[in-house]
Amino acid sequence: MQDENATELPKQYDPGIIEGPITERWLGSKCFAAAPDERENSYVIMMPLPNVTGALHMGHAMDNVMQDLLIRWHRMMGDNTLWMAGTDHAGIATQAVVEKRLFELEGKTRHDIGREDLVKRIWAWKDEYQQRIVSQQQAMGCSCDWDRQRFTMDEVCERAVRHTFFKMFRDGLIYQGDRLVNWDCHLQTAVSDDELERKLVHGHFYHLRYPVIDPKPGEPSHIIVATTRPETMLGDTAVACRANPGAVLDELIAQAEQKVTEASDKDRADDQQALDSLKARKDSHLDVLNTIAAMAADGRQVMLPLQDRPIPIITDEWAKPELGSGCVKITPAHDPNDYEVWGRHKNDIDIVNILNNDGSLNDNAGDYQGLDRFEASKQIISALQERDLVEGIEDRDLEIDHSDRSKTIIEPYLSKQWFVRMSDIPDGVTLGSGTEREFKAPGLAQAAIDAVNPEWESPTGRNLTFHPDPVRYGKLYKNWLVEKRDWCISRQLWWGHRIPVWTGRWSGQQLLSMKMLISAHKDRDDVFVWVVLPNEQRMPAADALAAFESGELKADQVEIQVCFRDKDGEEAITPMLSSVGLKADPDVLDTWFSSALWPHATLGWPDPATAPIGEGQTHLDATDGASSCLDYFYPGSCLVTARDIITLWVARMQIMGLYNLGDVPFTDSFIHANIQDGKGNKMSKSAGNGIDPVDIIEQYGADAMRYVVCELQTGTQDVRLPVHAVSPFTGKTVDLAKAKHGDSIFTYLCPESGKEFDVLGTMQDHGIPAAKLFSERFEIGRAFCNKLWNSARFALMNLGEAEFRPLAADELAIEDRWILSRLNGAMRVVHEQLELYTPSAAINAAREFFWSDFCDWYVEIIKPRLRDSDQTAVARQVLAAVLDQILRLFHPFVPFITEAIWEKLNAQAPKRGIDTELPMSAMVINARWPIARDDWQDAAVETEFEMAQEVVKNIRDLRQSHGASPGKEVDVEITTNAATRTVLEPLGGLIAGMANASSIKFDAAAKPTNAATAVVKGMEIHVLGVVDVEKEIAKLEKQAAKIDGQIKGKRGKLENQGFLDKAPGAVVQKEQQALAQLEGELTSVQNTLSELRSN
RNA sequence: GGGCGAUUAGCUCAGUUGGUUAGAGCACUAGCUCGACAAGCUAGGGGUCACUGGUUCGAGUCCAGUAUCGCCCACCA
């Protein structure tokens, strides 16, 4: 019986020796590759680009596994499936990492080695990590089309970036302006709000006195203002108070009174205190605030100390009479709120920038020029103290913005930046210009908002839906977009896409050459020139030229901005541009600008035929009658990512896709869980709680890792993955949720040895060894794989030469019909749950079928048939067919092990099926996805089988609780009604086999003597010869008590008139039936009890 | 301060439109080397569904409030 083939399978599943060769087979047979063909259904996933800053952790693994799951599922369903892989240059992050290394290893800054050399080094770094990331993804089994990999700075993407920038520039959607940005003084770049990190810092709150110029009688001699950053006072250009402080305070007092009356008991005291202090403030401050307001109206000034510069007192709503002195200093160039104040008072007050790029003070800082801002702060305070201009200093913990990348304090800083206009604009924005999908939208942000509205009618009829909770995530997406804040796209970095614009201010002498330049380019479609007027208004070149001719416009009033679409075009006239005094913009674009183009840039937009792809890569143009990749694969299908990426990236991809192509880049977005550690903190490499998926794969196997990751993805809930470390001292596991930290938050103490180890892998230089991180959760996955392996091993040992011939229904045993019915149910649920984006429910349904139904029952039941030559053929055929379907069903979740078993199964049973032959393929990756067979569904058989299972379980329980050893055969008698007997009698052999009974008798007579008895579902099951009277009585008494409780509950319900009147008839009826059955059971139990007691 | 979400067994999580006295896996207890699998099999114990009210004949499920935790946004003279 034993087959030679099967003996090759070892007893335990060893992923280490399976996974490598399987990966080779997949790659070798090009089954991940996608190309446009005649199929109507394509399925496209654009991989969220990992940064090339470092290796991946379990959060990325979740993202990648979810994508591979969807991709493999769709590939098996016959879709033309493309998974586009690649990496992001991640501007700031990558440059920061490389600069840090440069400094640590060589003691040099980027300025020492220059732009060209730094960029070269970053490319080298990128090559190293890109390779590492791809190897991690391949280890996980990601079935990406590796021959199409892109990098956001490769030539294909660069061309798309330039085309998009040019288009936006020409359309007036990109503009340059002086804006207050978050400035990273260390990296010397602007960073976006999203790249800020708030930290609590111990600091001081300084109250300063600014002398009033020529105070009149009754007026204060000083106005008190407060700041946490004293150095900014050098850039103050006004002091503000409220125009009507009394009205504001009265309003606040009224609100506070309201709050006190509505307060809960707990809050009342606090609210009352707040009210009291407001009232006290009105008494103490109102008079002087009114005086200052009057002074403001009178155009009075204060003298800015140290600078000896008069600055006006103004009134503005930003001043809060309830806080501080009620007056506030205005530093427009260094505070976002003050900047807004300046916006409201542009004609009255100045804006003075006092900082250099590196955080030192510039020539506007008077005596303090050249000092670092922190040093200047100290000196300014002591100078003010000498002049008796410090009213007081408070200690205070301050929440201060830090750069996420350099970890240094962010300064609000006035600088020239490029922006994309997100707001609505008067004539609207043309989306997809030049395509057949061209249409108008009010603005870029609005277009992306519309796209998520289910009723939105786009030219293509497509829109965007989030999963698994469209409402919740749709709201998140919209709430961010409705702000329509302009997007700052310039970064003062060296690593990234250079902004393709030349700018210059023109003197009168160069008017002629400017005119020539403009004339030469005004009719070209690859160059666009804006002439910027002093009021920030702009004119296209042609209009400006006319204005120059008529003398309306003078050359020295304007700035010129020239944007080149093509790199070649720009390089061709570089010398000319320089010679007339234009300068290339030194900045690069925000990383998200290029990643927002990912879904169409990777497919060759704007022209797939001429896309500059790399050597050995798959072409993108249309050939052999097939469409181009862009036409065929755009728009894509599903974007798989985590919640926090919805705003950063999903929204921006929508904007860019709609703008460039007039269609959404993908129709669905699957938002998966974030992985947290055992304490509920988000997993990340930089937090020291990140597990490398490769560590898990080495220990448990890729499929085990994937199995658990799929199981974790239950819905919208983030998941905890308790993280353990392997102590490098003892080799034992340490639970990081409980372990104590060492000297740094990245080190922990080994509880046994007390020695310190590191979890980031960055402390080796300090003599602190690193620990590998893992999680015991993955044991489950390993156990599953081992079970699958061994069930296959059993099947292969017993299949012999399984052959296929169409089987008629009456040739099948009841257990065959049962397992097929259950299989149909599992196929249906798995498919449905995948459609609902709930992989956990899908894999659990598959597991339940495989482990409980197939292994625990079906395989055990057919063992005798497999040994009986008369019955073996049908059993083998069903076994092979069901195993086939199991492998297909599990393949998207656990691809390696299913592929390995599939090969063996193909060798031994090349033709498989029940009534018809299943479609075959050499590898399961290309096999057809199992489609539910509703004709296999058999509710009657499932019910009958369930009864048999109930009997078996009860017999086993009775045996065990009465101490009958598992090997001992017992006799069983079952007392029941005729209907149940009719069902169970034919299943007697099956029941006997599963319960190890020597005989099953159906006898309507009373309880046999000397038997242990279970009362269940209208049956009395007696196991003869094993009775232990005391145990029996105790057990039955417990059961009686439980039934009695249930009966009381039911009676209470049924005696409740309200229930009878109002509950639906079906519910009442169900309760009545349940009560009747319970009462019957109770009688049986009590009868059995009294018989036992009387003996 | 605003918004979103969560709180169910020791742990990690399910629980469909409200309808038996609430489920799974891991861990735990007891028994088991029987011809696939001890990474296994069989059986078992374990929960006042965070708390307080409300709606309802009936609440883990709906509503309000409280507490705790997480995430996002804003503000901080």
Side-chain angles (χ1 to χ4, degrees), chain A residues 1-2 6 9 11-13 193 205-208 224-229 240 264 266 318-320 323-330 335-338 396 398-399 469 472-473 475-476 479-480 483 643-644 646-647 674 676 678 680-682 700 704 708 711-712 714-722 775-777 779-780 782-798 838 840-841 844 847-848 855-856 859-860 863 867 953 956-957 959-961 963 965-967 996 1042 1045-1046 1048-1050 1053 1056-1064 1066-1068 1070-1071 1074-1075 1078:
Chain A
M1 155 106 35
Q2 208 162 45
L9 287 189
K11 235 173 141 174
Q12 284 196 350
Y13 175 58
D193 291 350
F205 198 45
Y206 303 93
H207 298 264
L208 310 179
I224 297 167
V225 293
T227 183
T228 57
R229 297 183 298 155
S264 62
K266 199 177 125 291
W318 171 234
K320 304 273 189 272
L323 291 175
S325 69
C327 296
V328 57
K329 66 195 267 300
I330 303 297
D335 182 280
N337 295 297
D338 295 2
R396 193 184 270 201
L398 308 163
E399 291 261 310
D469 187 342
R472 180 176 163 200
Y473 297 132
K475 246 198 277 182
L476 201 66
N479 286 348
W480 184 78
E483 291 184 32
R643 248 195 327 276
D644 42 330
I646 291 176
T647 53
N674 281 317
Q676 303 175 336
N681 297 317
K682 196 164 136 184
Y700 298 102
V708 172
E711 206 183 36
L712 289 174
T714 55
T716 57
Q717 181 81 313
D718 285 346
V719 284
R720 286 189 185 200
L721 194 63
S775 176
E776 288 174 354
R777 287 296 301 276
E779 301 272 358
I780 299 164
R782 181 170 58 176
F784 168 80
C785 289
N786 200 49
K787 187 73 177 177
L788 183 58
W789 186 255
N790 274 293
S791 65
R793 186 165 165 261
F794 169 82
L796 294 171
M797 284 198 294
N798 288 283
T838 45
S840 180
N844 281 330
R847 184 204 124 97
E848 178 69 14
C855 292
D856 293 348
V859 166
E860 293 303 324
K863 277 179 180 173
R867 293 186 204 112
K953 287 181 86 156
R956 285 171 174 171
D957 184 19
R959 296 174 61 106
Q960 191 161 335
S961 58
S965 73
N996 196 23
K1042 189 179 169 188
Q1046 286 174 330
K1048 280 187 181 129
K1050 293 259 175 288
K1053 215 173 203 181
N1056 181 340
Q1057 199 54 44
F1059 176 72
L1060 297 174
D1061 291 347
K1062 295 187 181 171
V1067 174
V1068 176
K1070 211 169 136 195
E1071 290 293 310
L1075 178 62
L1078 285 169

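Here is how names work: the chains are called A, B, and so on, in the same order as the sequence lines, proteins then strands, and each is numbered from 1.
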Dump the pairs, protein N or O against N or O of nucleotides 1-4 of chain B, anything under 3.5 Å, distances to one decimal.
residue	atom	partner	partner atom	Å
C4(B)	O2'	Arg472(A)	NE	3.4

Dump the pairs, protein N or O against N or O of nucleotides 54-58 of chain B, anything under 3.5 Å, distances to one decimal.
residue	atom	partner	partner atom	Å
C57(B)	OP1	Lys1062(A)	NZ	2.1
C57(B)	O4'	Gly1058(A)	O	3.4
C57(B)	O2'	Asn1056(A)	ND2	2.8

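In terms of phosphate contacts, Lys11(A) brings a side-chain nitrogen or oxygen within less than 4.0 Å of OP1 or OP2 of C37(B). Side-chain N/O atoms of Lys863(A) include none lying less than 4.0 angstrom from OP1 or OP2 on C34(B). When the side-chain nitrogen and oxygen atoms of Lys1048(A) are compared with OP1 and OP2 of U21(B), none of them lie within a distance under 4.0 Å. Residue Arg643(A) places none of its side-chain N or O atoms closer than 4.0 Å to OP1 or OP2 of C71(B). Taking only side-chain nitrogens and oxygens, Thr714(A) comes nearer than 4.0 Å to OP1 or OP2 of A14(B).
The distance from atom CG of Asp644(A) to atom P of C72(B) is 7 Å, rounded to the nearest whole Å. Distance Asn681(A) CG to A6(B) P: 20 Å, rounded to the nearest Å. Taking atom CD1 on Ile780(A) and atom P on C11(B), their separation rounds to 15 Å, with Å as the unit. As rounded to whole Å, 18 Å separates atom P of A6(B) from atom NZ of Lys682(A). Atom P of nucleotide U21(B) and atom NZ of Lys1070(A) are separated by 11 Å, given to the nearest angstrom. Between Trp480(A) atom CH2 and C72(B) atom C1' the separation is 13 Å, expressed in whole Å. Distance CD (Glu711(A)) to P (A14(B)): 11 Å, rounded to an integer number of Å. Rounded to an integer number of Å, the gap from Arg959(A) CZ to C34(B) P is 15 Å.
Between atom CG of residue Asn790(A) and atom CE of residue Met797(A) there is a gap of 8.0 Å, rounded to the nearest 0.5 Å. In this structure, the separation between OH on Tyr13(A) and CZ on Arg782(A) is 12.5 Å, given to the nearest 0.5 Å. Within the model, atoms CZ of Phe784(A) and CZ of Arg847(A) stand 8.0 Å from one another, a figure rounded to the nearest 0.5 Å. Considering NZ of Lys329(A) and CD1 of Ile224(A), their distance stands at 15.0 Å, rounded to 0.5 Å. The CG atom of Asp335(A) sits 6.0 Å away from the CZ atom of Arg229(A) when rounded to the nearest 0.5 Å. Taking CZ of Arg720(A) as the start and CZ of Arg777(A) as the end, the distance is 12.0 Å to the nearest 0.5 Å.
Candidate nucleotides G25(B), C75(B), G70(B) were compared by shortest atom distance to the side chain of Asn337(A), and C75(B) ranks first. With C69(B), C73(B), A43(B) as the candidates, the nucleotide lying closest to the side chain of Arg720(A) is C69(B). In the set C11(B), A36(B), G70(B), C11(B) carries the atom at the smallest distance from any side-chain atom of Pro722(A). Among the nucleotides U12(B), A39(B), G19(B), the one closest to any side-chain atom of Asn786(A) is A39(B). Out of U21(B), U42(B), A36(B), the shortest distance to the side chain of Lys1050(A) is found at U21(B). Side-chain atoms of Ala783(A) lie closest to A39(B) of the nucleotides A39(B), C26(B), C13(B).
Residue contacts shown for Ala1066(A) are absent, as no nucleic acid heavy atom lies under 4.0 Å away. Contacts of Tyr206(A) with the nucleic acid, taken as non-hydrogen atoms under 4.0 Å apart, are absent. Heavy atoms of Arg782(A) sit under 4.0 angstrom from at least one base atom. Among the atoms of the strands shown, base atoms are found under 4.0 Å from some heavy atom of Cys327(A). In this structure, Asp856(A) reaches the sugar-phosphate backbone alone: every heavy-atom distance under 4.0 Å involves primed, P, OP1 or OP2 atoms, never a base. Nucleic acid contact class of Asp718(A) (heavy atoms, under 4.0 Å, all strands): sugar-phosphate only.
Comparing the same atom, P, in G10(B) and in G5(B) gives a spacing of 28 Å after rounding to whole Å. Nucleotides G31(B) and G15(B) are separated by 37 Å at their P atoms, to the nearest Å. Here, C26(B) and U33(B) have their C1' atoms 24 Å apart, quoted to the whole Å. Taking atom P in both U7(B) and U12(B), one finds a spacing of 13 Å when rounded to whole Å. Rounded to the nearest Å, the gap between the C1' atom of G45(B) and that of U55(B) is 37 Å. Using P as the reference atom, C62(B) and C49(B) are 16 Å apart when rounded to the nearest Å.
Each of Ala795(A) and Glu776(A) lies near RNA chain B, and the nucleotide nearest Glu776(A) is the one positioned closer to the 5' end. Nearest-nucleotide positions on RNA chain B place Glu779(A) closer to the 5' end than the other of Gly326(A) and Glu779(A).
Of the possible donor and acceptor atoms, none in the side chain of Ser840(A) sits under 3.5 Å from a partner among the backbone N and O of Thr714(A). Side chain of Arg793(A) to backbone of Leu788(A): no donor-acceptor contact under 3.5 angstrom is found.
Other residues, nucleotides and ligands contribute more than 12 heavy atoms inside 6.0 Å of the NZ atom of Lys320(A). For Lys863(A), the NZ atom sits in a packed shell: over 12 heavy atoms of surrounding residues, nucleotides or ligands are nearer than 6.0 Å.
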Inset, instruction - Start with the C-alpha distance between Val225(A) and His207(A), add both sets of side-chain angles, then the distance that settles side-chain contact (heavy atoms from CB on, under 4.5 Å), and finish with yes or no. - result: CA-CA 6 Å; Val225(A) 293; His207(A) 298 264; over 6 Å; no
Inset, instruction - Start with the C-alpha distance between Arg867(A) and Asn798(A), add both sets of side-chain angles, then the distance that settles side-chain contact (heavy atoms from CB on, under 4.5 Å), and finish with yes or no. - result: CA-CA 9 Å; Arg867(A) 293 186 204 112; Asn798(A) 288 283; 5.9 Å; no
Legend entry - salt bridge (Lys or Arg N to Asp or Glu O under 4.0 Å) between Lys682(A) and Asp644(A), worked out: CA-CA 11 Å; Lys682(A) 196 164 136 184; Asp644(A) 42 330; 2.8 Å; yes
Legend entry - Criterion side-chain contact (heavy atoms from CB on, under 4.5 Å) on Thr227(A) and Leu208(A), from CA distance to verdict: CA-CA 8 Å; Thr227(A) 183; Leu208(A) 310 179; 4.1 Å; yes
Inset, instruction - Output, in order, the C-alpha distance, side-chain angles, deciding distance and verdict of side-chain contact (heavy atoms from CB on, under 4.5 Å) for Arg643(A) and Arg472(A). - result: CA-CA 11 Å; Arg643(A) 248 195 327 276; Arg472(A) 180 176 163 200; 3.8 Å; yes
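With hydrogens and angles ignored, a donor-acceptor pair closer than 3.5 Å exists between the side chain of Gln12(A) and the base of A39(B).
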Inset, instruction - Whenever both distances are under 3.5 Å in a Watson-Crick or G-U wobble pair, mark it; put RNA chain B into dot-bracket that way, with [ ] for crossing pairs and | when the partner is on another strand. - result: (((((((..((((.....[...)))).(((((.......))))).....(((((..]....))))))))))))....
